Amino acid sequence: MKSVTPLSRHFSTARQFQNLVLLTPKLEFTQKSSALTEELCGEILDRYPDIKTLKKLHSKIIVDQPLCSNPSIGIKLMRAYAACGEPGITRHVFDEITEKNVVFFNVMIRSYVNNHLYHDALLVFKTMASQGFEPDNYTYPCVLKACPGLENLNVGLQIHGSVVKVGLDLNLFIGNGLVAMYGKCGCLMEARRVLDEMPSRDVVSWNSMVAGYAQNARFDDALEVCKEMEALRLKPDAGTMASLLPAVTNTTSNNVSYVKEIFMKLAKKSVVSWNVMMAVYVKNLMPAEAVNLYLQMEKNRIEPDAVTIASILPACGDLSALSLGRRMHEYVERKKLRPNLLLENALVDMYAKCGSLRDAREVFDRMKFQDVVTWTSMISAYGLNGQGRDAVALFAKMQNLSLSPDSIAFVSVISACSHAGLLEEGRYYFKLMTEEYRIIPRIEHYACMVDLLGRSGQVDEAYSFIKQMPVEPNERVWGALLSACRVYSNMNIGLLAADHLFQLAPEQSGYYVLLSNIYAKAGRWKDVTTIRSMMKGRGLKKIPGISNVELNDRIHTFLAGDQSHPHSEKIYEELDIMRLWIFLLTAAVTLDLYMIISPHSPNDIMPAICTG
DNA sequence: ATAGGGTTAG
């Protein structure tokens, strides 16, 4: 039986009533009050209005006694605030309800969990029991979600115990919650046991198991579960794809195809399924495929959501697709998807990678909250654009806000120093990281340091640095050293670096070329020939650098000598005309008629294929 | 109501 306590009775004293009014701005509610029935009020709340509308409505609810006649309005109010990311206000509403029932507790716990305040959620769960309310099949799945990570496994185990004690362990939703909880805690055997003992299972049960394996990098097991599921005639859905995602970053093309197959076979493609498919492409260095999929999504008139945009923006950055990125930004504004931290972070980074520092900064400055990721993106934006001093200044500013830089922030600032030749600053940050922040340097940091030392001409020091590293140097580390050796013509160390590189990455032709450049500089043409024949013997070709150009919403990839573009012939024709012009103008210069400054030699400009 | 999708390093 539902409680029919009027909501007015839930607000205990006049003082508390005032508190609630204070929480809400004194804004005139434009709607005619007679039109705002209880029913309409509930409907508006169910549509999760934005915070401004919500606060107006809230004051209306408090002032208009008839509107308070139904506790479901209170529930809806709490849910709406939680959806706005305001669990604190949800808590205020909750606290002032004097006659609570289990539903209020459930909604409160869920509000905390959905806003990642797991500790608070567990506290409410404990309070609930002490006040004599029995948790039910709505409560348990939610509190189980609040036990992620090993540190809360004990709580999870306790909850499992009480679930069994009250005989709710056969419930489908609770079973699914248990599978997910154990999976997240890395207890895959236990997760599997719960799954096996469930009297009935649905797609979510299986997906939870898939997610468990995937989150623990056991892609083969995750796949196995998918197949098991299919054998039981349960079709993998968008949730299955999403569950697989952590296991398919930087993976084989076979695994990418597997997810794609699921996607293609979906009877109805939800936004989530499109989003996951794009994310899979992005996380496997296939930004062009991601962008194409996005354009297809638009064609299918699927409305992108915030996750869609946040997923596709890194691809725009990787492709230097500035105008597509801008279009995404306009969409964000039009659909009022801001404020959204992850989305705005992605915007900052997209603009930075597309070389538009001003836009990056503008998004950055307009953000309500900035986290370490935001600052890191902005720091590397300056670094990428050669403004090392600004990057360093920004890092200091971040520290002043007592935001604790993480290991990635240090990679960004040190590499910014490296690109701007700020040797001493770079050294300082490495020291700061290890000694002040006690961050154990990872291979990326060592590579940055070798790059920093090497670019500053400290080739010997860079080499000693590598020798005293506590971790095995990788390809990037030796690669940074070899580049430095080429710039500073250090043949001895260059040879050593090349030796390591040929063992670590025998198929990477770029390193052969670097070494042969060193030999050429030293005039050792015989060695140059040896390297060339080595490359030939191993069937290596220098992989040309590519560049992307965006035109009319399509990404065109250019690399030297390619002829696969549908208009290849035309392009080369045009190029010949350009070459002729350059020839003529150069001739003019030699005749002292004109002064032409060209950034490229004509042979560098060779267009080609279109991946769009 | 339960699972599952997003941002930063080169």
Side-chain angles (χ1 to χ4, degrees), chain A residues 79 103 106-107 109-110 113-114 136-145 171-181 183-184 191 195 201-212 214-215 236-246 259 270-280 282-283 285 304-314 317-318 337 340-350 352-353 363 370-381 383-384 405-416 418-419 442-445 447-448 451 475-476 479-480:
Chain A
R79 272 207 296 247
V103 182
N106 288 347
V107 173
I109 292 171
R110 195 162 50 245
V113 170
N114 288 346
D136 61 10
N137 52 327
Y138 287 79
T139 322
Y140 282 114
C142 206
V143 283
L144 284 169
K145 209 177 167 181
N171 177 281
L172 175 67
F173 286 86
I174 295 175
N176 290 350
L178 284 168
V179 173
M181 185 273 291
K184 274 201 205 102
L195 180 77
R201 290 171 280 260
D202 65 357
V203 195
V204 177
S205 324
W206 291 99
N207 288 351
S208 305
M209 196 63 234
V210 172
Q215 283 157 2
D237 64 358
T240 319
M241 292 173 63
S243 303
L244 281 171
L245 190 60
V259 182
S270 63
V271 189
V272 175
S273 66
W274 287 90
N275 291 354
V276 175
M277 199 60 235
M278 288 185 317
V280 169
V282 170
K283 284 167 194 282
L285 310 174
D305 64 5
V307 180
T308 316
I309 311 296
S311 308
I312 203 67
L313 282 171
D318 286 343
L337 299 178
N340 179 322
L341 185 63
L342 267 63
L343 187 48
E344 290 165 294
N345 285 348
L347 277 172
V348 170
D349 199 61
M350 178 277 293
K353 291 220 174 85
V363 176
Q370 295 138 331
D371 68 355
V372 188
V373 176
T374 325
W375 284 86
T376 303
S377 296
M378 205 57 228
I379 289 164
S380 70
L384 284 173
D406 63 2
S407 117
I408 300 175
F410 278 105
V411 174
S412 299
V413 76
I414 297 172
S415 88
S418 170
H419 289 297
R442 297 175 34 159
I443 193 79
E444 291 90 340
H445 301 104
C448 276
D451 195 52
E475 191 199 319
R476 296 200 95 88

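Since this is a predicted model, take the numbers as computed values, not measurements. Proteins come first, then strands; the chains are lettered A, B, ... in the order of their sequence lines, and each starts at number 1.
For the pair A:L343 CG and B:dG6 C1', the computed distance is 8 Å after rounding to whole Å. Rounded to an integer number of Å, the gap from A:L172 CG to B:dA3 C1' is 11 Å. As rounded to whole Å, 20 Å separates atom P of B:dT2 from atom CE of A:M209. Spacing between atom CD of A:E444 and atom P of B:dT8 amounts to 15 Å, rounded to whole angstrom units. The distance between atom CG of A:N207 and atom P of B:dA3, rounded to the nearest whole Å, is 11 Å. The separation between A:L245 atom CG and B:dG6 atom P is 5 Å, rounded to whole Å. Straight-line distance from the CE atom of A:M350 to the P atom of B:dA9: 14 Å, rounded to whole Å. To the nearest angstrom, P of B:dG6 lies 11 Å from CG of A:D305.
Across all strands shown, A:D371 has no heavy atoms under 4.0 Å from either base or sugar-phosphate atoms. At a threshold of 4.0 angstrom between heavy atoms, the contacts of A:A306 include nucleobase atoms, whether or not backbone atoms are also involved. A:S415 comes within contact range of the sugar-phosphate backbone alone, with a heavy-atom separation under 4.0 Å but no base atom that close. Within the 4.0 angstrom heavy-atom criterion, only backbone atoms of the sugar-phosphate kind lie near A:S208; the bases stay farther away. Among the atoms of the strands shown, none is found under 4.0 Å from any heavy atom of A:N171. In this structure, A:Q215 reaches the sugar-phosphate backbone alone: every heavy-atom distance under 4.0 Å involves primed, P, OP1 or OP2 atoms, never a base.
Of the candidates B:dT2, B:dG6, B:dA9, B:dG6 carries the atom nearest the A:N340 side chain, counting heavy atoms from C-beta on. Side-chain proximity of A:S243 to the nucleotides B:dT2, B:dG6, B:dG4 is greatest for B:dG4. Looking at the side chain of A:V272, the nearest of the listed nucleotides B:dA9, B:dT2, B:dG4 is B:dG4. In the set B:dG6, B:dA9, B:dG4, B:dG4 carries the atom at the smallest distance from any side-chain atom of A:A242. Comparing B:dT8, B:dG4, B:dT2 against the side chain of A:F173 picks out B:dT2 as the nearest. The side chain of A:S412 has B:dA9 as its nearest neighbour among B:dT8, B:dT2, B:dA9.
The side chain of A:K184 contributes an N or O atom lying less than 4.0 Å from OP1 or OP2 of B:dG4. Considering only side-chain N and O atoms, A:K283 lies under 4.0 angstrom from the phosphate OP1 or OP2 of B:dT7. At B:dT2, none of the side-chain N or O atoms of A:K145 fall inside 4.0 Å of OP1 or OP2 (strictly under the cut-off). At the phosphate of B:dA9, OP1 or OP2 sits under 4.0 Å from a side-chain N or O atom of A:K353.
At least one side-chain heavy atom of A:N176 sits under 4.5 Å from a side-chain heavy atom of A:D202. Residues A:D371 and A:T374 meet the side-chain proximity criterion, which asks for heavy atoms closer than 4.5 Å. Side-chain contact between A:R476 and A:I443 is absent, with no heavy-atom pair separated by less than 4.5 Å.
Annotation: side-chain contact (heavy atoms from CB on, under 4.5 Å) contacts of A:D237 (sequence neighbours excluded): A:V203, A:N207, A:T240.
We find the NE2-CG distance between A:H419 and A:L384 to be 7.0 Å, quoted to the nearest 0.5 Å. A:L343 contributes atom CG, which lies 6.0 Å from atom CG of A:L337 (distance to the nearest 0.5 angstrom).
For A:D237 against B:dG4, a side-chain-to-base donor-acceptor contact under 3.5 Å is absent.
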